[in-house]
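Below is one structure; the comments refer to it alone.
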Amino acid sequence: MTEKKKSPAGTYDVIVVGGGAAGLSAALVLGRARLRTLVVDAGEPRNTPSEHMQGYLTRDGMAPAEFLALGREEITRYGVELVRDRVIDVSRDGAGAGDASFAVRLAGGEDARARRLVVTTGLRDELPAVPGVAERFGRDVLHCPFCHGWEVRDEPFGVLAAGPQSVHQALMGSRWSADVRLFLHTVAEEELSDDDLRRLAAAGVGVVPGEVAGLRIEDDRLTGVRLADGATHDRTVVFVAPKAVPQTGLMERLGAEFQETPFGAYPVVDPTGRTTVPGVWTAGNAMGFAEQVVHAASGGYRAATAIVGDLLMSDLDTAVAE
């Protein structure tokens with residue numbers, strides 16, 4: 001697919017901000033509905049560190065980059081435009097439902113306008129500041145057993161605690177390995193509840209107190225977890241819980257309502273992904289921490305179908321009023 005080198009100016013029915021699974025899925029449906037659609041993509045997908053994506057029916061094991069390339073190819077069949085750029089500002093400046101209500105400013109210097117927006121800007125992972133974790137992330141330092149558990153099944157797992165909620169991650173890991181150790185790191189033992197300790201014991205998960213100083217790497221492979229006191233535990237896989245940082249700045253500028261969750265503040269949405277800002281939808285990790293690729297694609301589809309109906313009814317109401 002040939003991507004535009006210069007950001008386009010003009011008016012679109014819909015601008016999709018973000019070209020991951022959610023954004024491309026929305027764009028595909030919008031294009032097929034004969035709506036003039038622009039996708040603005042900065043090219044920074046969250047799953048870049050992963051060699052493969054799992055659990056997506058018919059796409060299990062596909063490389064994320066290949067998946068996105070196929071998606072970009074598909075949307076062009078329906079006249080959808082895609083530009084490699086970043087949206088740096090957005091404002092709503094039209095009152096009428098049929099107007100070009102949104103002004104979008106791109107980093108490349110161009111402006112574009114749209115009647116509706118789909119914001120699929122995802123989130124950013126902040127990894128624990130432990131030497132070796134960032135370098136190995138997506139390889140043998142992992143975050144999701146549903147995404148990677150099968151590939152590392154029966155290996156000795158380590159779970160690097162980021163808080164009491166990491167107990168759940170360790171318990172889930174026991175589904176894929178009988179050898180799991182929870183490294184408390186900066187979490188004090190007294191922070192674990194009696195229920196936590198009982199469940200960990202029942203699952204056969206070992207609890208290792210003490211701060212983790214780093215990972216042991218040999219021949220470009222993870223072989224152990226090293227504690228600050230010098231002790232090393234042989235492990236070939238470590239699961240971590242990154243801090244999720246929602247990239248919701250555009251929706252904040254538009255005045256969307258947010259709700260606090262244990263994983264950050266996310267916009268309030270209806271079942272189609274419609275936000276509290278008229279004309280703005282969201283999908284994927286921009287609306288929640290736990291959205292996998294398959295969920296993101298589904299969410300983009302739902303948002304797009306809702307927008308198609310919304311625009312149609314708006315146009316019909318305008319025609320009736322004239």
Side-chain angles (χ1 to χ4, degrees), residues 7 14-27 37-50 53 64-65 67-68 71-72 82-92 102-108 112 114 116-129 134 137-138 143-144 147 162 240-270 272-277 279-300 302-304 307:
S7 299
V14 186
I15 292 179
V16 180
V17 186
L24 292 177
S25 180
T37 303
L38 171 68
V39 178
V40 183
D41 182 34
E44 300 172 351
R46 181 190 178 198
N47 60 1
T48 295
S50 298
M53 58 182 229
F67 176 80
L68 294 178
R72 290 191 290 267
L82 185 144
V83 62
R84 184 71 75 200
D85 209 330
R86 185 186 303 276
V87 175
I88 58 174
D89 199 11
V90 61
S91 60
R92 190 174 189 275
F102 298 95
V104 174
R105 169 60 57 90
L106 306 184
R116 302 292 185 269
L117 292 181
V118 185
V119 181
T120 64
T121 45
L123 59 80
R124 176 171 49 85
D125 289 315
E126 287 187 356
L127 295 168
F137 190 57
H143 76 291
C144 170
C147 303
V240 300
K243 178 184 177 182
V245 182
Q247 301 189 113
T248 52
L250 296 179
M251 285 182 281
E252 292 171 14
R253 290 186 182 90
L254 289 166
E257 182 181 346
F258 285 78
Q259 58 185 350
E260 289 293 335
T261 78
F263 306 102
Y266 292 89
V268 174
V269 297
D270 75 1
T272 71
R274 187 196 305 256
T275 72
T276 56
V277 180
V280 179
W281 275 256
T282 185
N285 284 132
M287 65 177 288
F289 167 77
E291 299 295 289
Q292 305 285 4
V293 177
V294 66
H295 302 134
S298 174
R302 285 195 303 270
I307 290 171

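Only a predicted model underlies this, so the values are computations on that prediction, with no experimental measurement involved.
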Let me have the donor-acceptor pairs involving side chains of residues 250-258, under 3.5 Å, with sequence neighbours excluded, atom names and distances please.
from	atom 1	to	atom 2	distance (Å)
Glu252	OE2	Thr248	OG1	3.3

Under 3.5 Å, is there a donor-acceptor pair between the side chain of [X] and the main chain of [Y]?
| X | Y | value |
| --- | --- | --- |
| Thr261 | Gly264 | yes |
| Thr120 | Ala22 | no |
| Thr48 | Pro45 | yes |
| Ser25 | Gly300 | no |
| Asp85 | Gly108 | yes |
| Thr275 | Val280 | yes |

What pair of heavy atoms forms the shortest contact from [X] to [Y], and how long is it?
| X | Y | value |
| --- | --- | --- |
| Leu127 | Ala134 | CD1-CA, 3.7 Å |
| Ile15 | Ala112 | CD1-CB, 3.8 Å |
| Gly288 | Leu123 | O-CD2, 4.5 Å |
| Ala286 | Pro267 | O-CD, 3.3 Å |
| Ala21 | Val293 | CB-CG1, 3.7 Å |
| Met53 | Pro64 | N-CD, 4.2 Å |

Kindly indicate, with the supporting measurements, whether the criterion side chain to side chain contact (heavy atoms under 4.5 Å, CB included) is fulfilled by Leu24 and Leu82.
CA-CA 10 Å; Leu24 292 177; Leu82 185 144; 4.2 Å; yes
Taking the inter-plane angle between the rings of Phe289 and Phe263 on a 0 to 90° scale, is it parallel (under 30°), tilted (30 to 60°) or perpendicular (over 60°)?
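Judged by the thresholds at 30° and 60°, the geometry between Phe289 and Phe263 is parallel.
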Filter on side-chain hydrogen bond (donor to acceptor under 3.5 Å, both in side chains), then keep only pairs touching residues 284-295, sequence neighbours left out; what's left?
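Counting only pairs at least two positions apart or across chains, the side-chain hydrogen bond (donor to acceptor under 3.5 Å, both in side chains) contacts touching residues 284-295 are Arg46-Asn285.
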Between Trp281 and Thr272, do the side chains contain a donor N or O and an acceptor N or O under 3.5 Å apart?
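Yes, because at least one side-chain N or O of Thr272 sits under 3.5 Å from a partner of the opposite role on Trp281.
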So that I can tick it off, tell me whether Asp41 and Arg84 are bridged by a salt bridge, with the cut-off set at under 4.0 angstrom between side-chain N and carboxylate O.
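Answer for the salt bridge query: yes.
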Under a 4.0 Å N-O cut-off, is there an ion pair linking Glu44 with Arg124?
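Arg124 and Glu44: not salt-bridged.
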Begin with the C-alpha distance, continue with both residues' side-chain angles, and end with the deciding distance and a verdict on side chain to side chain contact (heavy atoms under 4.5 Å, CB included) for Val83 and Val39.
CA-CA 6 Å; Val83 62; Val39 178; over 6 Å; no
Between Val118 and Val14, is there a side-chain heavy-atom distance shorter than 4.5 Å?
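Yes; the side chains approach each other to less than 4.5 Å.
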Using side-chain heavy atoms (C-beta onward) and a distance below 4.5 Å, is Leu106 in contact with Val87?
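Yes, their side chains come closer than 4.5 Å.
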Rounded distance (nearest 0.5 Å) linking atom CE of Met287 with atom CZ of Arg274:
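One gets 13.0 Å once the value is rounded to the nearest 0.5 Å.
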Rounded at 0.5 Å granularity, tell me how far CZ in Arg302 sits from CG in Asp270.
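If we round to the nearest 0.5 Å, Arg302:CZ and Asp270:CG are 10.0 Å apart.
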Any chance you could lay out the side chain to side chain contact (heavy atoms under 4.5 Å, CB included) test for Thr282 and Val269, step after step, and finish with the verdict?
CA-CA 8 Å; Thr282 185; Val269 297; 3.6 Å; yes
For Tyr266, which residues count as a ring-ring contact (aromatic ring centres under 6.0 Å, His included) partner, sequence neighbours excluded?
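None.
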